[in-house]
Asker: 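Next up is a structure, given as structure tokens.
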Amino acid sequence: MPHFRERASTGATTMTEDRYDWRTIQDRWLPEWEKLDPFRAGQRGPDAERRYALDMFPYPSGDLHMGHAEAFAIGDVIARHWFQQGYDVLHPIGWDSFGLPAENAAIKRNSNPAEWTYANIETQADSFRRYAISFDWSHRLHTSDPGYYRWTQWLFLQLHERGLAYRKASQVNWCPKDQTVLANEQVVGGACERCGTPVTKRELTQWYFRITQYAERLLDDMAQLEGRWPDRVLTMQRNWIGRSRGAQVDFAVEGRDEPVTVFTTRPDTLYGATFFVVAADSRLAQELCAPERRADFEAYREQVGRLTEIDRLAEGREKTGVPLGRHAINPVNGERIPIWAADYVLADYGTGAIMAVPAHDQRDLDFARTFGLPVRVVVDTGEPDPAETWTATSGDGVLVNSGPLDGLRKEAAIAAIVAELEAKGGGHGSLNYRLRDWLVSRQRYWGAPIPIVHCPVDGEVRVPDEQLPVRLPELRGADLAPKGVSPLAAATDWVRTTCPRCGGPAERDTDTMDTFVDSSWYFLRYPSVDRDDVAIDPEATKRWAPVDSYTGGAEHAILHLLYSRFITKALHDLGHVDFVEPFATLHNQGQVINQGKSMSKSLGNGVDLGAELETHGVDAIRLTMLFAGPPEEDVDWADVSPTGSGKFLARAWRVARDVTTAPGTDPGAGDAALRATTHRAVAEIGSLVEAFRFNVAVARLMELVNATRKAIDSGPGAGDPAVREAAEAVAVMLSLFAPYCAEDMWAALGHEPTVALAGWPAVDPALLVQETVTAVVQVAGKVRARLDVPPDVTEDALRELALADPGVVRALGDRAIRTVVVRPPRLVNVVPA
RNA sequence: GCCCCGGUGGCCCAACCGGCAGAGGCAGGCCCCUUAAAAGGGUCGCAGUGCGGGUUCGAAUCCCGCCCGGGGCACCA
């Protein structure tokens, strides 16, 4: 007989169905939750310990997809677990709503990007609600709101004031398809990170953030992230920052007053430098080129400029270059070496110039081979002669052909030469970084305008805070089409303005900021979303930040996470936050794939989230995502069974329905075995969830449901108080994974909503102690007997018992005993002679 | 080429610091319930842990060398 009951407070619904029907249950609880709004931050008062749970906010492209379903399910388990544990939780949501797709959609539909953007946001918000993510909807933001980008502009100005935002002309990455410049981090394998188009170089004046000034701290502060962020992310960031230790060495150049400085990691090989190379696209190359080489050089430079990054980095490509008709002087031996321009030397790494030591650097050797330049070995590593094998030697060895360095080993030689250079003033030891400054200007419309006015009198002038936001003009359709200059430049009424300093006519900066600027500080804005007079409220920030747990995809390992760390440090230095790392722990989830491949239109293996939810219901999909395997591994949708998840939910639900005792029944008198199972499960599931082992936690929950079912059918029966205790524990724990089903169970058990705030079940330690454990007795490593022993059995007692066991005696036969390994209380291994 | 992670029943996955290889699920077989089917309940596991060696009383677990899959880095001086 099903257990019927009418709930007093919410009244209207009577649960009469006796079959698990997820559709009815979803329809019943979604409106209830809307009314209760149970996940508001701050509801537990200032004395409750706080937690900040954050998911990487979505880009509003259409509706949510399978990837969102997994990522947000994971983040939700963490947040809901914290709610159950009684923490005051901030679990906000927002949208990264500036960006190119909206612009492209607007061009196609002859509309403004806002229309498409905000329609998609509403769609996704509805889907999130239905998907039952425990968001605090009162802490919500959209980066494209003037109320948000006003503060993104404020951030820019803060950085500008400290010299951390500046403009410079240089060779920059250009995406011909998107018609905009790109940051280094947004060029992946020589192609545009967004659209895959091969990137070319252009000489342009652009805005940069001085992230390189933080290189050392970005590296050092990783110590506090060790063990709390995935190792691979830390490794990738370390590689990206790319610190290398070496020396700067000054080379005099014939016919030039100033010397040219090079960076090298191998100052010990200075005597082996046989030529000198400057980056073909550098200003230095321009300047050093002798008149009679000018024509050749210009031709070469043009050829280099046409190359895409992909071409330039092509495997096995021959080295190219031209001599500049000038010579540099090796500071240690006075040798005249020719200066070349080549594209294998990069203008923006080190000083854009190198000393080439072909014997000990493969790239220099390749170049020497192509152009017939001399090779001189200065470190004898015992390897074959590079001039014959065309393989550079880079191991340790003894210096030769190196004057005073001869006979020293590599390390000693480096120390000696650095000391000598420093003494004579021709150079010094130094660190160099691969990290470049962050190029933040974009020649596109749908982003935060750069809040700078260009005045013919005053130059670059910051827009005063009280004039923020600098709002985007209303442009639509074809006005937004990419044309190589920002669409804002065409909005002449908008561009024309007055100088905030002198009041004379001036022009607005027409670029917008990289959308990664928007997302590099949004987690700092959440606690202060209700403040329109300040970006970051100190009180709210103190209460909630930094983020305790950040969940999202590994694709942001460098870009978003590095930028966010940088901005946090900068804001720390500016006195706005009192911490230097924004995300205390980070978890990457895997991808949702199908049949071994990532889902894509061209493969035709896409799975539609909406359709899956329509077939199986929210809970079954959430549970399937979490049960599929470790969260950081990919979920292959072809390998998992949402139907199976649904069956488990129905099974759990029926257990709650079968309970016949009244709410509040004291479990003390209940079946001891089931109680022990329940308490052990609660303890174990708690620690599994904390350890991010959701798939195992779900498995334990299934075990508990199975044990409860058995107790009802063939044990103490549905009227046993332990059955109620078990069913209630299941409801509370299940609420992390399948909130609708759990809520319905909770109601069936006679409780008021919401189970989400019911509190994690208390574990009675007395119920966890086992009266006996099974000890295994092996003979020569094979199990020959099992003994029931007290958990605190002594080594001697266990040995006695084991050796007396008939099975052991039989297995031993007449062999003598060599040793007996005893590991109380679980194992004995008898080793025969 | 270098670095990191993984490989366990037909499939997805467990097995804490070396100690009974199997927790959970999917698929499948059988049984009960049913006029029947579905739903439900029960029950069934000879895979020795990618391959080869080593350490150990004992190895999925530790070490060495391979194979396969995934990821990262790769003209950064």
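Note on naming: letters A, B, ... go to the chains in the order of the sequence lines (proteins, then strands), and numbering restarts at 1 for each one.
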Asker: Please state the C1' separation for the pair rA27(B) and rC12(B) - nearest whole angstrom.
Answerer: 11 Å

Asker: Ser641(A) near the nucleic acid: base, sugar-phosphate alone, or nothing, with a heavy-atom cut-off under 4.0 Å?
Answerer: sugar-phosphate

Asker: My understanding is that only residues two or more places apart in sequence, or in another chain, count here; which of them pass ring pair (Phe, Tyr, Trp, His ring centres under 6.0 Å) with Phe627(A)?
Answerer: none

Asker: Measuring from the side chain of Arg709(A) (C-beta onward, heavy atoms only), which nucleotide among rC75(B), rG42(B), rA74(B) has the closest atom?
Answerer: rG42(B)

Asker: For rG9(B) and rU49(B), measure between their C1' atoms and round to the nearest Å.
Answerer: 10 Å

Asker: Starting from the 5' end of RNA chain B, give me the residue, Met702(A) or Ala780(A), whose nearest nucleotide shows up first.
Answerer: Met702(A)

Asker: Identify, with sequence neighbours excluded, every residue that meets side chain to side chain donor-acceptor pair (under 3.5 Å) alongside Gln213(A).
Answerer: none

Asker: So which one's nearest nucleotide on RNA chain B is more toward 5', Gly242(A) or Asn829(A)?
Answerer: Asn829(A)

Asker: May I ask you to decide whether Glu795(A) forms a salt bridge with Arg799(A), counting only side-chain N to carboxylate O separations under 4.0 Å?
Answerer: yes

Asker: Taking the C1' atom in each of rC13(B) and rG18(B), what is the distance between them to the nearest angstrom?
Answerer: 22 Å

Asker: Between rU43(B), rC75(B), rC73(B), spot the one nearest the side chain of Lys710(A), thanks.
Answerer: rU43(B)

Asker: Which is true for Arg312(A) with a 4.0 Å heavy-atom rule: it touches a base, it touches only sugar-phosphate, or it touches nothing?
Answerer: base

Asker: Not counting sequence neighbours, which residues clear side-chain contact (heavy atoms from CB on, under 4.5 Å) with Lys319(A)? List them please.
Answerer: Tyr344(A), Arg363(A), Asp366(A), Phe367(A), Thr370(A)

Asker: For the side-chain hydrogen bond (donor to acceptor under 3.5 Å, both in side chains) test, which of Thr381(A), Thr393(A), Thr269(A) pairs with His360(A)?
Answerer: Thr393(A)

Asker: Summarise how protein sits on nucleotides 9-16 of chain B as a single string, 5' to 3': B when a protein heavy atom is under 4.0 Å from the base, S for sugar-phosphate-only contact, - for no contact.
Answerer: --SSSSS-

Asker: For Asn432(A) and Ser244(A), test the side chains for any donor-to-acceptor distance below 3.5 angstrom and give the result as yes or no.
Answerer: no

Asker: Watson-Crick or G-U wobble partner for rC2(B), using a 3.5 Å limit on both distances?
Answerer: rG72(B)

Asker: Taking the P atom in each of rU56(B) and rC51(B), what is the distance between them to the nearest angstrom?
Answerer: 23 Å

Asker: I'd like the C1' distance from rG25(B) over to rG53(B), given in whole Å.
Answerer: 37 Å

Asker: Please classify the nucleic acid contact of Val783(A) as base, sugar-phosphate, or nothing, using heavy-atom distances under 4.0 Å.
Answerer: sugar-phosphate

Asker: For rC33(B), which nucleotide is its Watson-Crick or G-U wobble mate, given both distances must be under 3.5 Å?
Answerer: none

Asker: Whole-Å distance between rC73(B) P and Asn184(A) CG?
Answerer: 13 Å

Asker: Among the candidates rC26(B), rG72(B), rG42(B), find the nucleotide nearest to the side-chain atoms of Lys647(A).
Answerer: rC26(B)

Asker: Quick one: which of rG25(B), rC75(B), rU43(B) gets closest to the side chain of Asn706(A)?
Answerer: rG25(B)

Asker: Tell me: CG of Leu827(A) to C1' of rA59(B), nearest whole Å?
Answerer: 14 Å

Asker: Mind checking what makes side chain to side chain donor-acceptor pair (under 3.5 Å) contact with Tyr271(A), not counting sequence neighbours?
Answerer: none

Asker: Counting only Watson-Crick pairs (N1-N3 plus N6-O4 or O6-N4) and G-U wobbles (N1-O2, O6-N3), all under 3.5 Å, who is the partner of rG9(B)?
Answerer: none

Asker: In the strands shown, is rA59(B) matched to any nucleotide by a Watson-Crick or G-U wobble pair with both distances under 3.5 Å, and which?
Answerer: none

Asker: Side chain to side chain contact (heavy atoms under 4.5 Å, CB included) for Val830(A) and Gln778(A)? Distances and angles first, verdict last.
Answerer: CA-CA 6 Å; Val830(A) 183; Gln778(A) 302 174 330; over 6 Å; no

Asker: Looking at rU49(B), which nucleotide sits across from it as a Watson-Crick or G-U wobble partner, both distances under 3.5 angstrom, or is there none?
Answerer: none

Asker: Reckon Gln778(A) touches a base, only the sugar-phosphate, or nothing at all at heavy-atom distances under 4.0 Å?
Answerer: base

Asker: Taking only residues two or more places apart in sequence, or in another chain, which ones meet Arg651(A) in a side chain to side chain donor-acceptor pair (under 3.5 Å)?
Answerer: Asn706(A)

Asker: Under 4.0 Å, counting only non-hydrogen atoms across every strand here, what does Ser244(A) touch: a base, just sugar-phosphate, or nothing?
Answerer: sugar-phosphate

Asker: In whole Å, what separates the C1' atom of rC3(B) from that of rC17(B)?
Answerer: 27 Å

Asker: Would you kindly give the CE-to-C1' distance between Met236(A) and rG71(B), to the nearest whole Å?
Answerer: 8 Å

Asker: Check whether any side-chain nitrogen or oxygen of Arg434(A) sits under 4.0 Å from OP1 or OP2 of rC73(B), and answer yes or no.
Answerer: no

Asker: For rC68(B) versus rG50(B), give the span between their C1' atoms, rounded off to a whole number of Å.
Answerer: 7 Å

Asker: Rounded to whole Å, how long is the line connecting atom CD of Glu684(A) with atom C1' of rA23(B)?
Answerer: 9 Å

Asker: Report yes or no: is there a donor-acceptor pair, N or O only, under 3.5 Å between the side chain of Arg823(A) and the base of rG19(B)?
Answerer: yes

Asker: Mind checking Val820(A) for me? I need base, sugar-phosphate or nothing, with any heavy atom below 4.0 Å counting as a touch.
Answerer: nothing

Asker: So which of Leu324(A), Ile354(A), Val253(A), Ile337(A) actually passes side-chain contact (heavy atoms from CB on, under 4.5 Å) with Phe276(A)?
Answerer: Ile337(A)

Asker: Between rA38(B) and rG7(B), how many Å separate the two C1' atoms, rounded to a whole number?
Answerer: 39 Å

Asker: Could you state the atom-to-atom distance from CD1 of Ile712(A) to P of rG41(B) in whole Å?
Answerer: 11 Å

Asker: When you measure from the side chain of Arg654(A), which nucleotide among rG72(B), rG71(B), rG40(B) comes out closest?
Answerer: rG40(B)

Asker: To the side chain of Glu703(A), which of rG71(B), rG24(B), rC75(B) is closest?
Answerer: rG24(B)

